[in-house]
Enquirer: 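Dropping a structure here in structure tokens format, bear with me for questions.
Here is how names work: the chains are called A, B, and so on, in the same order as the sequence lines, proteins then strands, and each is numbered from 1.
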2 protein chains.
Amino acid sequence: MGITMKDIAREAGVSVATVSHVINKTKHVSAEKQRRILEVIGKLQYSPNIAAKNLKMQKTNTAGLVVSSFLDSYVTSIVNGVGNRARELGYNLLFVNTNEQQQYEEEAVRVLSSNAVDGMILSPTTSNLRYLGNFLEKQLPIVFINRYDPHFPEIPRVTADDFQAGYDAAFHLLGHGHTKIGLVLAVPNVTSTVNRIAGYKAALLEKGISFDESLLEIGYATVDGGLNAVKSLLKREPQITALFTLSDLMTIGAVKALNQLSLRCPEDIAIIGFGDFEAAAAMYPPITNVNPPHTIGQTAFDLLLNKMQNFKYTKHIQLPVSLIIRKSCGC
Amino acid sequence: MGITMKDIAREAGVSVATVSHVINKTKHVSAEKQRRILEVIGKLQYSPNIAAKNLKMQKTNTAGLVVSSFLDSYVTSIVNGVGNRARELGYNLLFVNTNEQQQYEEEAVRVLSSNAVDGMILSPTTSNLRYLGNFLEKQLPIVFINRYDPHFPEIPRVTADDFQAGYDAAFHLLGHGHTKIGLVLAVPNVTSTVNRIAGYKAALLEKGISFDESLLEIGYATVDGGLNAVKSLLKREPQITALFTLSDLMTIGAVKALNQLSLRCPEDIAIIGFGDFEAAAAMYPPITNVNPPHTIGQTAFDLLLNKMQNFKYTKHIQLPVSLIIRKSCGC
DNA sequence: TTGTAAGCGTTATCAG
DNA sequence: CTGATAACGCTTACAA
């Protein structure tokens, strides 16, 4: 079917070894043969069979990227960052979105291991990844991004400073006099969420306000999910005067909910979101957001590179967040 | 290094052929041996070497997806659709974003061919893809998505009805009495853009309004790109009373530009965008958009499946668009 | 029902 | 500087 190195060798009157050497520049070959080989390669439009190369080299030059959702701007920026860095460094990217289904995730990890990739970047669906043990034993280089499983400290990870994110949002709202701050989240059992809540809690406690679990509301990480979550939260806890929403789609949903309830933002209810999306500044009102790190994807790939070179590598990196203050918080 | 079928065979006291057969269920094996083999596989945490399998089978179960940009919601939805369908059908996805650089695109196509993928879905950077000829000769299954090169009618493609999109937007604005409609675009030499402009032109002509090229403005496909483009367009052509922006990021930029120029929307300038982003309904004003097809990604994958089964397959599919009317058009 | 062995297209060792 | 040739780990006739 395809044309192989053997064909090139025959046509150019040399051995396959020689062909391989000129292709990979792995040994010096006489100018004449080199010329002939290159010429034949061009004429026959030959390109090496990557599957064969991968088998022989025990290396694929491909990295896996497994994320848990996709439409969110934060995830998009992660994919973007990883993809750019991968291309810069000559790696291919095998991309999987698990849609928050652990079953898909396990499947993806299983497929990507066993020589499909040289390593992988994982944003897991939960923080209890018992199945991962097997793959670590196989020395599969993995790094966590955004979320992680604390049971595997030996896996390098890059995260946003989620604690700070929660703290900053709550601190800022407290500064505006809000004491009943609703918190709208999508995925509870995940380190990023847990840490943001911890930060939120810490800021409250600092002001002597005790944490009230009924101010939390779980919804789907979509616009409608945010909308519904805010509606039911506000119905249940009408004393709420501010909202912290943990994903940009939910933030948009929150704004819609307030509109539908004829509540003004920020006068009646203030909003701070996590994740800065492009439209935030052009919304009504312009949305104050906690801005996640934009370099998280690239950083993850760099960690992976280290992990692939040295399986003992085990660094944890936490990237700072910042508050982008606009109008929805009442400033 | 890794553990192979040979190890399983030895440990279970059978031949590699038998192991292969139980793994792939490709022949009946006695219950007893089957049990033993499965047990050993479990104990040693064996998983087959995919590179070897790919080489032997001349098939990778992997599809390539090459898009030209990423942060745009339309592209995101394409990636999402292709990814979901790929997973449903048991395919992996090799993902590349070319950032509108033809050089990256050529490189990506070259890498993805030569047995890295069984086929690929391509949203090209231009409509002149001479380099593609080689790969077609090699029988690499390709399908176009969103954009295409008309010189290759034998490549199946799925596109939005971009002509209709341009027509609908212009027709609607004309209905509101606008005759000077600015058109803000990012990538001129590409079928989607060209067809949208053609539709816009057709609607004008129907009303007896002649096409004025100076009403077009090119900018970067970002928020700032849209912002700058609108500012310079409005400065140059102050008689403009409506805008049609061809990407959601640019639409957001347009809204920002009007704010900065203290122009009211829709009273002073109306806006219709292409590509419906999640925040559109929560902006000020809520943005009227041409809604691109949401199934384009899945459809592309299905076309690819057909093309892989039968290289003669050459269908072109055009998916309808629809106008989502909100406030920015003056309704 | 099971095993032997050829071969997929490379790379790299080892002689010449 | 060049060429045979043995792997890499799997699938699949073909034989037993």
Enquirer: Round to a whole Å and report the spacing from NZ of A:K25 to P of C:dA12.
Expert: 15 Å
Enquirer: Hey, does A:N54 reach any base, or is it just sugar-phosphate, or nothing, if we go heavy atoms under 4.0 Å?
Expert: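 It contacts nothing in the nucleic acid.
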Enquirer: Measure the acute angle between the ring planes of B:F95 and A:F95, then classify it against the limits of 30° and 60° as parallel, tilted or perpendicular.
Expert: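 Rings of B:F95 and A:F95: tilted, 30 to 60°.
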Enquirer: Over how many whole Å does the gap from A:K6 atom NZ to C:dG7 atom P extend?
Expert: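 Taking NZ of A:K6 and P of C:dG7, I get 9 Å after rounding.
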Enquirer: So does A:T18 get a side-chain nitrogen or oxygen closer than 4.0 Å to the phosphate oxygens (OP1/OP2) of D:dT2?
Expert: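 Checking D:dT2 against A:T18, no side-chain N or O comes under 4.0 Å of OP1 or OP2.
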Enquirer: To the side chain of A:S15, which of D:dA4, C:dG9, C:dG3 is closest?
Expert: D:dA4
Enquirer: So, OP1 or OP2 of D:dC10: does either fall under 4.0 Å of a side-chain N or O from B:S20?
Expert: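 Checking D:dC10 against B:S20, no side-chain N or O comes under 4.0 Å of OP1 or OP2.
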Enquirer: Please give, in whole Å, the distance from C:dT11 P to B:L55 CG?
Expert: 12 Å
Enquirer: Test A:L304 against every option in A:I121, A:V82, A:V158 by the side chain to side chain contact (heavy atoms under 4.5 Å, CB included) rule and name the one that passes.
Expert: A:I121
Enquirer: Within a radius of less than 6.0 Å around OH of B:Y220, do more than 12 heavy atoms belonging to other residues, nucleotides or ligands occur?
Expert: no
Enquirer: Output yes when at least one side-chain N/O atom of A:Y46 is less than 4.0 Å from OP1 or OP2 of C:dT10, else no.
Expert: yes
Enquirer: Let me check the geometry of the helix from C:dT1-D:dA16 to C:dG16-D:dC1. What is the bend angle between the axes at its two ends, five pairs each, to 10°?
Expert: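 Rounded value for the end-axis angle: 40°.
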Enquirer: Roughly how many Å is it from CE in B:M57 to C1' in D:dA13, rounded to a whole number?
Expert: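 Value for this atom pair: 14 Å.
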Enquirer: Between B:D118 and B:Y91, does a side-chain contact (heavy atoms from CB on, under 4.5 Å) hold up when you go through it step by step?
Expert: CA-CA 10 Å; B:D118 297 337; B:Y91 274 82; 3.9 Å; yes
Enquirer: Round to a whole Å and report the spacing from CE of A:M5 to C1' of D:dT5.
Expert: 13 Å
Enquirer: If you assign each of A:K53 and B:V14 to its closest nucleotide in DNA chain C, which residue comes earlier from the 5' end?
Expert: B:V14
Enquirer: Can you confirm whether more than 12 heavy atoms, excluding those of B:K59, are under 6.0 Å from its NZ atom?
Expert: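 Check passes, neighbour count above 12.
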Enquirer: Are more than 12 heavy atoms, taken from residues, nucleotides or ligands other than B:E88, located less than 6.0 Å from that residue's CD atom?
Expert: yes
Enquirer: Measure from NE2 on B:H21 to C1' on D:dA15 and round the result to the nearest Å.
Expert: 14 Å
Enquirer: Could you pick out which residue, B:G13 or A:A52, lies toward the 5' side of DNA chain C when each is mapped onto its nearest nucleotide?
Expert: B:G13
Enquirer: Among C:dC8, D:dT11, C:dT11, which is the nearest nucleotide to the side chain of B:Q58?
Expert: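 Selected nucleotide (nearest to the side chain): C:dC8.
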Enquirer: Decide whether B:S15 and B:T18 meet the rule of one side-chain donor and one side-chain acceptor closer than 3.5 Å.
Expert: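 The criterion, which ignores hydrogens and geometry beyond distance, is satisfied for B:T18 and B:S15.
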Enquirer: Determine whether more than 12 heavy atoms belonging to other residues, nucleotides or ligands lie under 6.0 Å from atom CD of A:E32.
Expert: yes
Enquirer: Please give, in whole Å, the distance from C:dT10 C1' to B:N49 CG?
Expert: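 Checked: the CG to C1' distance equals 14 Å.
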Enquirer: The side chain of A:A17 is closest to which nucleotide in this list: D:dA6, C:dC8, D:dA4?
Expert: D:dA4
Enquirer: Between A:L132 and A:D149, does the side-chain contact (heavy atoms from CB on, under 4.5 Å) criterion hold? Intermediate values first, please.
Expert: CA-CA 10 Å; A:L132 263 190; A:D149 182 342; 5.7 Å; no
Enquirer: Check the distance between D:dC10's P and B:I8's CD1 and give it to me in whole angstrom.
Expert: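 From B:I8 CD1 to D:dC10 P: 9 Å.
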Enquirer: Return the residues of residues 27-35 of chain B meeting this criterion: a heavy atom under 4.0 Å from some atom of DNA chain C. Order them by number, or give none.
Expert: B:K27, B:H28, B:V29, B:S30, B:K33
Enquirer: Take the angle between the ring planes of A:Y148 and A:F144 and call it parallel below 30°, perpendicular above 60°, tilted in between.
Expert: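 Rings of A:Y148 and A:F144: tilted, as their planes differ by 30° to 60°.
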Enquirer: Could you check which of D:dA4, D:dA7, D:dT11 has an atom nearest any side-chain atom of A:K56?
Expert: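 The answer is D:dA7, which lies nearest to the side chain.
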